[in-house]
Amino acid sequence: MLKRIGLWLSIAIGLGSCSIDEIVPERFYPRNDHEAYLHALKQAGLDATALGKEWVAASKRPFEEEINVKIPYQEAFIVSDLEPDAHGYRFEAKKGQKILVDISMITVDTTRLFVDLFRVESDSLSVYKHVASADSTLKLGFEPRKHADYILRLQPELLRGGQFTITIETIPTLDFPVIGKDENAIQSIFGDPRDGGKREHHGVDIFAKRHTPVIAPVDGSVRFVGTRGIGGEVVWLRDTKRGNSLYFAHLEEFRVKKYDKVKVGDTLGTVGNSGNARTTAPHLHFGIYKNGPIDPYPYIVAEHERVEVFEPDTALLGKKLRFTNRMVIYQEMDIKTLAVDTLQNNQEVEIVAVNHNYVRVEKPRNGSGFLTKSQVVEK
């Protein structure tokens, strides 16, 4: 793969609490299992051996050789047990989404896999913040509080390997706030012009029949119930987990009062057209605020459908293949704009991962990338 120029400077480890830039459940708090294992190698005098040095070097490769993936992503991959190995996945995470990572072992083995998530603090300085670790089931979940790039590193113990599947996907962090409706009911989005362009729309409008229940999309505390300005009959709800203020406007009636504690799914009121919406069809104006307005769309609308379990063609994993003609391998699956290398006729590569339509290959002397399955033939 293409290597970034620069030194391996630091990986900041945060233990015992989650980062201010992510919401990380306690079960996924960053752990130092990887560092503890390295310490054990040192205690045994193995860190100075050739294999020990290769294991340390392998732990850095995910930060130096990019495997860029776009969520949702799913593949089966192989980890070598013949030499120290590590896999790394770099992806973008967006504010308002919950990122879910699920790793499963295909082969029956007792391989211990260290799975750690790092936020990219600086590409130019090679600085990364350790923000989460997978639990004992090899699952991991977190919510970014800002748009950022992340690197997920997977590394087994020394001379242990196997075949695994990995799924990285997203779900909205909040439930949809109108009963029986989904994104198809949204007819006005964040940023749309209002009053002839004098102001912008700071929310989304969800259209539904009058008296349709408006529900709490998150556990919270009711901060205001009443009539206020152009919003008409409104409810303000404090998201106790994220610190956001949620705004529900143009209601027909209320079902809560100030200071009520509510759970996800509790009814706050009903859809109406109060305030400056009296000349429009009934709808809920839903907004999110924290140091200013935030686009609520990614918080309530799924960016993609949930990923289905797939049965990978594991027979390809670890296979040595040759190309029937000159081929270009690409840095990102589906986006053929970042060429990694050109492979000559009959050049040998090894398949290290497969998914529905693509394979990820590595050359004997570094360099890896994506190809379609139809582009390779078995040696």
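Heavy-atom basis, side chains included; hydrogens, waters and symmetry copies ignored.
The aromatic ring centres of Phe164 and Phe77 sit less than 6.0 Å apart. Aromatic ring centroids of Trp236 and Phe248 lie 6.0 Å or more apart.
Between Lys261 and Ser221 the shortest side-chain heavy-atom distance falls below 4.5 Å. The shortest distance between side-chain heavy atoms of Val352 and Val361 does not fall below 4.5 Å. Tyr37 has its side chain within reach of Glu157: a pair of non-hydrogen atoms, C-beta onward, lies under 4.5 Å apart. You'll find the side chain of Thr165 stays beyond 4.5 Å of the side chain of Ile103, heavy atoms only.
Annotation: the span from Ile78 atom CD1 to Asp85 atom CG amounts to 9.0 Å, rounded to 0.5 Å. Note that CG of Asp33 is 11.5 Å distant from CG of Leu113, once rounded to the nearest 0.5 Å.
Every pair tested for salt bridge (Lys or Arg N to Asp or Glu O under 4.0 Å) that includes a residue from residues 283-297 fails, sequence neighbours excluded, so the list is empty. The list of salt bridge (Lys or Arg N to Asp or Glu O under 4.0 Å) pairs with a residue in residues 248-257, not counting sequence neighbours, reads Arg210-Glu252, Glu253-Arg255, Lys257-Asp260. Within the structure, the salt bridge (Lys or Arg N to Asp or Glu O under 4.0 Å) test picks out no pair touching residues 267-285 (sequence neighbours left out).
When the side-chain hydrogen bond (donor to acceptor under 3.5 Å, both in side chains) test is applied to Gln163, no partner is found at least two apart in sequence or on another chain. Here Phe224 pairs with nothing under the ring-ring contact (aromatic ring centres under 6.0 Å, His included) rule; sequence neighbours left out. For His285, the side-chain hydrogen bond (donor to acceptor under 3.5 Å, both in side chains) partners two or more places apart in sequence, or in a different chain, are His201, Asp205. Annotation: side-chain hydrogen bond (donor to acceptor under 3.5 Å, both in side chains) contacts of His39 (sequence neighbours excluded): none. For Asp149, the side-chain hydrogen bond (donor to acceptor under 3.5 Å, both in side chains) partners at least two apart in sequence or on another chain are Arg90.
Between Lys241 and Asp239 no salt bridge is recorded (no basic side-chain N to carboxylate O distance below 4.0 Å). Between Arg242 and Glu143 a salt bridge is recorded (basic side-chain N to carboxylate O distance below 4.0 Å). At a threshold of 4.0 Å, the pair Glu350-Lys319 does not count as salt-bridged, since none of the basic side-chain nitrogens sits closer than that to a carboxylate oxygen. Between Glu233 and Arg228 there is no salt bridge, since none of the side-chain N atoms of the basic residue sits less than 4.0 Å from a carboxylate O of the acidic one. A salt bridge does not link Asp21 to Arg145: none of the charged side-chain nitrogens sits closer than 4.0 Å to a carboxylate oxygen.
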Apply side-chain hydrogen bond (donor to acceptor under 3.5 Å, both in side chains) to residues Asp219 and Thr240 and explain how you reach the verdict. CA-CA 7 Å; Asp219 296 348; Thr240 53; over 6 Å; no
Stepwise side-chain hydrogen bond (donor to acceptor under 3.5 Å, both in side chains) test for Tyr73 and Glu75: CA-CA 7 Å; Tyr73 186 77; Glu75 73 173 20; 2.3 Å; yes
When you look at Asp81 and Arg160, which way does the salt bridge (charged side-chain N to carboxylate O under 4.0 Å, His left out) test go after all the steps? CA-CA 5 Å; Asp81 59 358; Arg160 301 300 296 271; over 6 Å; no
Let's go through Gln74 and His356 carefully: what are the C-alpha distance in whole Å and the side-chain angles of both, what is the deciding distance for side chain to side chain contact (heavy atoms under 4.5 Å, CB included) to 0.1 Å, and is it a yes or a no? CA-CA 8 Å; Gln74 190 174 54; His356 299 279; 3.2 Å; yes
Step-by-step salt bridge (charged side-chain N to carboxylate O under 4.0 Å, His left out) determination, Glu22 to Arg119: CA-CA 9 Å; Glu22 290 82 21; Arg119 183 177 67 247; 2.7 Å; yes
Mind listing the side-chain donor-acceptor pairs of residues 45-57 below 3.5 Å, one per line with the distance, residues two or more places apart or on another chain?
from  : atom 1 : to     : atom 2 : distance (Å)
Thr49 : OG1    : Leu46  : O      : 2.6
Thr49 : OG1    : Gly52  : N      : 3.1
Trp55 : NE1    : Pro156 : O      : 3.0

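Cluster annotation: Val262 is connected to Val271 through the hydrophobic network of ILVMFWY side chains, with a link wherever side-chain heavy atoms come within less than 4.5 Å. Linking ILVMFWY residues whenever their side-chain heavy atoms come closer than 4.5 Å, directly or via other members, leaves Ile206 and Tyr247 in distinct clusters. Cluster annotation: Ile166 and Phe28 are assigned to the same hydrophobic cluster (Ile/Leu/Val/Met/Phe/Trp/Tyr, side-chain heavy-atom contacts under 4.5 Å, transitive). Criterion: ILVMFWY side-chain heavy atoms under 4.5 Å apart, direct or through other members. Under it, Val301 and Tyr299 are part of a common hydrophobic cluster. Taking hydrophobic clusters as Ile, Leu, Val, Met, Phe, Trp and Tyr residues chained together by side-chain heavy-atom distances below 4.5 Å, Phe114 shares a cluster with Leu158.
In summary, the side chains of Tyr297 and Glu303 do not present any donor paired with an acceptor at a separation below 3.5 Å, with no hydrogens or angles considered. Side-chain contact annotation: His304 with Thr170, donor-acceptor N/O pair under 3.5 Å present. Between the side chains of His130 and Asp116, at least one donor N or O sits under 3.5 Å from an acceptor N or O.
Through direct or relayed side-chain contacts under 4.5 Å between Ile, Leu, Val, Met, Phe, Trp and Tyr, Ile215 connects to Ile179. Listed by chain and number, the hydrophobic cluster partners of Tyr259 come to none, as no ILVMFWY side chain reaches under 4.5 Å of it. Its side chain outside the 4.5 Å cluster rule for every partner, Phe207 clusters with none of the Ile, Leu, Val, Met, Phe, Trp and Tyr residues.
Classified by interplanar angle (parallel below 30°, tilted 30° to 60°, perpendicular above 60°), the ring pair Phe91/Tyr150 is parallel.
Checked against Gln155 for a side-chain hydrogen bond (donor to acceptor under 3.5 Å, both in side chains), the options Arg61, His87, His34, Arg112 give a single hit: His34.
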